[in-house]
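What follows is a set of notes on a single structure, which appears directly below.
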Amino acid sequence: MVTFIPNLRTTKEAANDVVQAYVDTPNFVYSDWLKADDNAPIGTVGDKKEVGIVGAGPAGCCAAYELRRCGYNVILFNDSKDHNGGRLYSKHFMKNGAKTNDIAEMGAMRFPPTEEVLYHYFSRFGIETDETFPDPGKEPTWVSFQGKGVVWMDPETPPTKDFNIVSNGFRALTQNGITDHNGETVLQSPGWFKQRLRLSANNSSFRNQVITQWQAYINEFENDSWYSGLRKIFSKNAEWSIPGKEEWTDMDFTRFGALGIGSGGFGPLYNIGFLYIFRLLTNALETDQQFVRAGISTLCDEFVSLFEQAGGIYYDRLHVDEVKYDERQGRPYVTFGSEKKYFDAVIVATNTRAMEMGLRLSQYPPVGQAPNATVVTAPVAEAINRTHVISSTKLFLRTRKFWRIPGNIQGCKYPRNLLSDTKVPQVYTLEYDDNTDPSSSGVVLLTYTWEDDAVKTQALSAVDRYHLFVETVREITADSPFPDYADQLKPFTGNLDQDLQSIDWQSTDNQFGAFTLARPGQDPFVNTMFKDFTRASYGVTNTGKIFIAGDCVSWTGGWAEGALQTGLNAASAVINVLGGEQKIAKNPSNALAQPFYNYFPL
């Protein structure tokens, strides 16, 4: 989902060749586990058991699909009004009541090959990806900062010389890590982690190196925001040698906040934890991002279709009111409308805001009741309630492919993208077919913003935003070689109601927010949520029969990979707690139970 990380490496990787451990779980590769035994089910069950799964995003759909393959009776609840997939949400523009090839990807949009579980399922289901996403700089991009603009056409160089310092510094940090004043490496680079994470799961030497180095980052930056961590690294009083050799001024931090190194500003995320952003680099989630021309919703559509074909029960467009545990029966139950349904185990696969505000999963026990009256453990309840979830907004326009009109910018009249420090931080022109006729329809993503930038426009209707953004585009392109750019941003059919799609995840029914981006000091909360499923490995009853999943309880909030990993974790836990048998000895329930790191450094 996140699009602010620049493509810092250009080496292309074959998606199916990526075998990727992640920095917080360096001893386990999910796709290796899934492929073992020739893609056999992840486990078996003796007695028939019934499992309820609340939430039909990628975590819930994946868990339902895999548990049904194991032989469990599974009911999957989806309370969305119009789609499967949660925040994997591909909304097609319509023509005469039928879907067109034009898609508004309301949630996740680009996918790096290091999302190895995601690509495993892409391969299994025959879902094709495409490398032609118009990343800034890779395709002609108009970059406007403080009223001055330039056409940028080389992602390997800064858009203007004013960005040299931040570009050289950030590239040096990501490529070389942090060194002391004698040139000795103190903290390793994301590239170093990437190399060793490819080997760490089956190599104890590399795994120990990864753990030692990531613990060093935790010790140094756990309580830093992205902004304060960068200040430590790039200020004149830096403890280490400044990457790129030049300190960043206040204006450099303003540039980096507005436009990054030219491919998307970090300003709205300056208050997020340093480690939560930096681990996206160590896990190579910024590299070689691809998109799904058929729409990413096809993944969950495939999960649901195969799940139902195998006998799974799918309750579509049905709102779940609560998930509780019945002490007398020793079983959890789900209520919806006037009905109550008991299960042998339940997986709640929603975002944490929905767990807290909608399902009231993390309420503290009433006065006088025992602590086990809570649905989840007290530490998990605290983590659900306290971990930061960001706001996110998107606005799409279906229009003609004006960017295909012939001209002088790499053969075209208009650039593919706009980036600016205004109310319109980024504009992308998107194509989901091979038609290059300028009169054919395409999609413009007029804005994709987070945090304050998302909240500040929320009081405006989608139509009002559209008019505001078009006028802003007119202002930032007034002195460009294409001053009529804003005039091209017209609805394809002439009807905005048909050609405009928008979403505010923070005010969408039953969502309450987009995805987790933990703030400084919140990694312990994330660790508590992510590891909660391992309770099933050591015989815990009561809440051991209720598990949480979703990208918000993972180390990669905002990425499909995090959702899929936690869905698989919960499925593995269900097999354990219901007396089933795991496919192979090394599975998430036992491999990930051990503590790798101390997230409470002094």
Side-chain angles (χ1 to χ4, degrees), residues 51-55 57 59-60 63 77 79 320-336 340-389 510 512-513 515-516 518 522-555 557 562-563 565-578 588-589 592-593 599:
V51 181
I53 300 179
V54 180
F77 296 87
D79 69 358
V320 171
D321 297 304
E322 62 180 2
V323 177
K324 294 291 185 182
Y325 187 82
D326 189 318
E327 291 278 356
R328 290 176 297 177
Q329 291 204 22
R331 292 194 299 165
Y333 63 87
V334 170
T335 61
F336 45 97
K340 176 190 291 188
K341 172 70 176 174
Y342 280 87
F343 293 96
D344 296 297
V346 169
I347 296 172
V348 179
T350 68
N351 72 16
T352 50
R353 288 275 177 83
M355 292 177 191
E356 176 189 1
M357 304 299 295
L359 296 171
R360 294 170 290 173
L361 198 71
S362 56
Q363 277 185 287
Y364 297 113
V367 174
Q369 290 196 23
N372 62 6
T374 57
V375 180
V376 295
T377 65
V380 171
E382 179 77 6
I384 289 171
N385 293 345
R386 302 292 173 241
T387 306
H388 180 61
V389 174
N510 306 313
F512 308 98
F515 49 88
T516 290
Q522 291 187 344
D523 276 0
F525 291 154
V526 178
N527 188 54
T528 294
M529 292 187 293
F530 181 79
K531 291 286 186 69
D532 183 59
F533 79 98
T534 63
R535 290 176 297 111
S537 300
Y538 41 87
V540 175
T541 56
N542 190 15
T543 55
K545 296 179 181 178
I546 299 174
F547 304 98
I548 57 175
D551 69 290
C552 281
V553 305
S554 79
W555 291 109
Q565 289 180 1
T566 58
L568 291 168
N569 290 347
S572 175
V574 165
I575 294 170
N576 274 4
V577 80
L578 298 186
S589 291
L592 302 180
Y599 292 102

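FYI, the numbering just counts along the sequence from 1. All figures in this text were calculated on a predicted structure; none of them were measured in a lab.
Of the possible polar contacts, none joining the Glu322 side chain to the Arg360 backbone as a donor-acceptor pair under 3.5 Å is found. Within the 3.5 Å criterion, the main-chain N or O of Ile384 finds no donor-acceptor partner in the side chain of Thr387. Between the side chain of Lys545 and the backbone N or O of Gly330 there is at least one donor-acceptor pair closer than 3.5 Å. The closest donor-acceptor contact from the side chain of Gln565 to the backbone of Ser554 lies at 3.5 Å or more, if one exists at all. With hydrogens and angles ignored, the 3.5 Å screen pairs a side-chain donor or acceptor of Arg353 with a backbone N or O of Val389. A donor-acceptor contact shorter than 3.5 Å links the side chain of Thr566 to the backbone of Gly550. Within the 3.5 Å criterion, the main-chain N or O of Ser589 finds no donor-acceptor partner in the side chain of Asn569. In terms of modelled atom types and a separation under 3.5 Å, the side chain of Arg535 and the main chain of Asp532 share a donor-acceptor contact. No donor-acceptor pair under 3.5 Å is formed between the side chain of Ser572 and the backbone N or O of Leu568.
Side-chain contact between Leu578 and Val51 is present, with heavy atoms from C-beta onward closer than 4.5 Å. Looking only at side-chain heavy atoms (C-beta outward), Val320 and Asp79 stay at 4.5 Å or farther from each other. In this structure, Val54 and Ile347 have side chains that are not in contact, with every pair of non-hydrogen atoms separated by 4.5 Å or more. Between Phe530 and Val553 there is no side-chain heavy-atom pair separated by less than 4.5 Å. Contact of the Val574 side chain with the Phe533 side chain is not registered, since no non-hydrogen atoms from C-beta on lie closer than 4.5 Å. At least one side-chain heavy atom of Asp344 sits less than 4.5 Å from a side-chain heavy atom of Arg331. Side-chain contact check for Leu361 versus Glu356: every heavy-atom pair is 4.5 Å or farther apart. In this structure the side chain of Tyr342 reaches within 4.5 angstrom of the side chain of Gln329, judged on heavy atoms.
Between Trp555 and Tyr599, the distance separating the two ring centers is shorter than 6.0 angstrom. Ring pair Phe343/Tyr333: centre-to-centre distance not below 6.0 Å.
Taking all atoms of both residues into account, the shortest heavy-atom contact from Ile548 to Met355 is CB-CE, 3.8 Å. Shown here for Arg386 and Gln522, the closest heavy-atom pair between the two residues is O-NE2, 2.9 Å. Between Thr516 and Cys552, the shortest heavy-atom distance links the atoms OG1-O, 3.1 Å. A pairwise comparison of heavy atoms in Gly567 and Ala63 identifies O-CB, 3.6 Å as the closest pair. Residues Val526 and Ala518 approach most closely at CG2-CB, 4.0 Å, considering heavy atoms. Heavy atoms only, all atoms of each residue included: Ala383 and Phe525 are closest at CB-O, 3.5 Å.
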(request) Start with the C-alpha distance between Tyr325 and Ile546, add both sets of side-chain angles, then the distance that settles side chain to side chain contact (heavy atoms under 4.5 Å, CB included), and finish with yes or no. (result) CA-CA 8 Å; Tyr325 187 82; Ile546 299 174; 4.2 Å; yes
(message) Between Val334 and Phe77, is the side chain to side chain contact (heavy atoms under 4.5 Å, CB included) condition met? List the steps.
(response) CA-CA 10 Å; Val334 170; Phe77 296 87; 4.2 Å; yes
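Each of Thr377, Thr352, Asn385 was evaluated against Ser362; a single residue qualifies, Asn385, per the side chain to side chain donor-acceptor pair (under 3.5 Å) test.
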